[in-house]
Enquirer: 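Can you read through this structure? Questions will come right after.
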Protein chains: 2
Amino acid sequence: MQQAKDAFAKYLLDKGIRNSRQRHAILNIFLKTEKHLTALELYNLVKKEHPGIGYATVYRSLKLLCEAGLCRELKFEDGTARYEHLYGHKHHDHLICTSCGKFVEIIDQEIEGLQEKIFKAHGFHPQRHRMELYGVCKKCKK
Amino acid sequence: MQQAKDAFAKYLLDKGIRNSRQRHAILNIFLKTEKHLTALELYNLVKKEHPGIGYATVYRSLKLLCEAGLCRELKFEDGTARYEHLYGHKHHDHLICTSCGKFVEIIDQEIEGLQEKIFKAHGFHPQRHRMELYGVCKKCKK
DNA sequence: TTATAATTGATATTGATTTTCATTTTCAAA
DNA sequence: TTTGAAAATGAAAATCAATATCAATTATAA
């Protein structure tokens, strides 16, 4: 967690952006909440500890965190944007329970390889991809 | 194309929903435009031939087309919803050029099989998935 | 024909996100 | 320290796509 904070501090320093009290607080709460939060959910958590911090600041900080490579914005089928931790997480895809909302991070080298093959076969220069698997988890099936 | 129209007519009949002039017109224009359109883009096309038809009706018709299994709503990374033809198209994923926006429909049984394996390995009952590959196409690379 | 119900299109509303802007804070130079 | 410029903040307003509302229109079947 300290590494992530340092990485953010370094990013801000490099860009000449200030590591303000608010940004620091928002990063802290983001880091200690290992969930795929929406901006609103994060705002509500932040508000508990720091009632003065506004919605807009949370939004702006989330953008900054993404730029700094600490988090990634995911848009889901229902249109909501959720933010996930990137620092210390390898590239991964998601397996999602449509009943309880559970997220499982998936890494499958075989699939990654096949994706590369598809890019090549169509003459594309690969940039990124997203894969989401939707189903019903063990608990919810019962 | 006639098959698709018949399928839509049948769906409406079964549901006791009327096949109105507007719905018919919107379906026609949707069918003859083999692109991944946004609702607004479709509306603009519709307006050319049928200036009286309103935005809301286009939206409602798109929902109906999706329910009827003729089209599918896709939410992309930029948040825009686009609608693609389903009738006569097998399940497929997408390879997308981030420069010119070109869409290629991808079918890869090997990946599909691996996805099934992932569902099983985590005890999930599979429902659906999405996979999008983003890169730069041959033309745009030059 | 007539009563009923569905559909339409204009408009208003929603909800998430982004922008604006006056105020506050920070930082660096004097 | 002060002070002045620049950046950041928070509240409110603006935006934008999507959805809901509702009076008017249209279609259907008795």
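Below, read A as the first sequence line, B as the second, and so on, with proteins coming before strands; counting in each chain starts at 1.
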Enquirer: On DNA chain C, does the nearest nucleotide to E73(A) precede the nearest nucleotide to N19(A) from the 5' side, or the other way round? Give the residue.
Expert: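 The answer here is E73(A).
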Enquirer: OP1 or OP2 of dT17(C) less than 4.0 angstrom from a side-chain nitrogen or oxygen of K63(A), does that happen here?
Expert: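 The answer is no; no side-chain N or O of K63(A) sits under 4.0 Å from OP1 or OP2.
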Enquirer: Figure out the CG/C1' separation between L12(A) and dC27(C), and round it to whole Å.
Expert: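 So the CG-C1' distance, L12(A) to dC27(C), works out to 15 Å.
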Enquirer: Could you check, using the six-membered ring where one of them is a Trp, whether H85(A) and F30(A) have ring centers closer than 6.0 angstrom?
Expert: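 Yes.
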Enquirer: Have a look at G16(A) and say if it touches a base, only the backbone sugar-phosphate, or nothing, with a 4.0 Å heavy-atom cut-off.
Expert: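 Nothing, no heavy atom under 4.0 Å.
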Enquirer: Under 4.0 Å from OP1 or OP2 of dT17(C): is there any side-chain N or O of Y59(A) that close?
Expert: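 For dT17(C), OP1 or OP2 has a side-chain N or O of Y59(A) closer than 4.0 Å.
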Enquirer: The side chain of S20(B) is closest to which nucleotide in this list: dA12(D), dT26(D), dT8(C)?
Expert: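 Among the listed nucleotides, the one closest to the side chain of S20(B) is dT8(C).
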Enquirer: Taking the six-membered ring for Trp and the full ring for Phe, Tyr or His, determine whether the centres of H50(A) and H24(A) are under 6.0 Å apart.
Expert: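 No.
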Enquirer: Just do the side chain to side chain donor-acceptor pair (under 3.5 Å) check on E84(B) and H89(B) with the steps written out, would you?
Expert: CA-CA 10 Å; E84(B) 75 170 358; H89(B) 293 240; over 6 Å; no
Enquirer: Provide, to the nearest angstrom, the distance between the CD1 atom belonging to I53(B) and the P atom belonging to dT26(D).
Expert: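 Result: 13 Å.
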Enquirer: Do the side-chain N or O atoms of Q22(A) get closer than 4.0 angstrom to the phosphate oxygens (OP1, OP2) of dG10(D)?
Expert: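 For dG10(D), OP1 or OP2 has a side-chain N or O of Q22(A) closer than 4.0 Å.
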Enquirer: Which part of the nucleic acid, if any, lies within contact of L40(A), taking any heavy atom under 4.0 Å across all strands shown: a base, the sugar-phosphate backbone alone, or nothing?
Expert: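 Answer is nothing: L40(A) stays at 4.0 Å or more from every strand.
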Enquirer: Could you state the OH-C1' distance from Y43(B) to dA17(D), rounded to the nearest angstrom?
Expert: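 Taking OH of Y43(B) and C1' of dA17(D), I get 14 Å after rounding.
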Enquirer: For the pair E132(A) and R82(A), find out whether any cationic side-chain nitrogen is under 4.0 Å from an anionic carboxylate oxygen.
Expert: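 Not counted as a salt bridge, because no side-chain N and carboxylate O are separated by less than 4.0 Å.
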Enquirer: For the pair made of CD1 in I17(A) and P in dT26(C), what is the distance, rounded to whole Å?
Expert: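 Taking CD1 of I17(A) and P of dT26(C), I get 17 Å after rounding.
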Enquirer: Taking 4.0 Å as the cut-off, does a side-chain nitrogen or oxygen of T57(B) come that near to OP1 or OP2 on dT8(C)?
Expert: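 No, T57(B) has no side-chain N/O under 4.0 Å of OP1/OP2 on dT8(C).
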Enquirer: Could you check how far CG of L13(A) sits from C1' of dA28(C), rounded to whole Å?
Expert: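 Roughly 15 Å, once rounded to whole Å.
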Enquirer: Classify the angle between the aromatic ring planes of F124(B) and H122(B) as parallel (below 30°), tilted (30 to 60°) or perpendicular (above 60°).
Expert: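 Taking H122(B) first and then F124(B), their aromatic rings stand perpendicular (interplane angle over 60°).
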Enquirer: Rounded to the nearest angstrom, tell me the gap between atom CZ in R21(B) and atom C1' in dT28(D).
Expert: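 About 16 Å, once rounded to whole Å.
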Enquirer: Heavy atoms only, 4.0 Å cut-off, all strands: where does K75(A) land among base, sugar-phosphate and nothing?
Expert: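 Result for K75(A) = nothing.
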Enquirer: How many Å lie between NE2 on H24(B) and P on dT7(C), as a whole number?
Expert: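 Interatomic distance, NE2 of H24(B) to P of dT7(C): 16 Å.
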Enquirer: Does this structure show an ion pair linking D14(B) with K10(B), if we count only N-O contacts that are shorter than 4.0 Å?
Expert: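 Answer for the salt bridge query: yes.
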Enquirer: With nearest nucleotide decided by heavy atoms, which residue, R23(A) or Y55(A), maps closer to the 5′ end of DNA chain D?
Expert: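 So the residue in question is R23(A).
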Enquirer: Could you work out which one of dT28(D), dT19(C), dT17(C) sits closest to the side chain of R18(B)?
Expert: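 Within the option list, the nearest is dT28(D).
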Enquirer: How would you label the contact of K15(A) with the nucleic acid (heavy atoms, under 4.0 Å): base, sugar-phosphate, or nothing?
Expert: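 The residue K15(A) makes no contact with any strand.
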Enquirer: Side chain of A56(A), heavy atoms from C-beta onward: which of dT17(C), dG10(D), dA6(D) has the nearest atom to it?
Expert: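 Nearest to the side chain of A56(A) among the choices is dG10(D).
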Enquirer: Write down the distance between CG (L62(B)) and C1' (dA18(D)), rounded to a whole number of angstrom.
Expert: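 So the two atoms are 12 Å apart, to the nearest Å.
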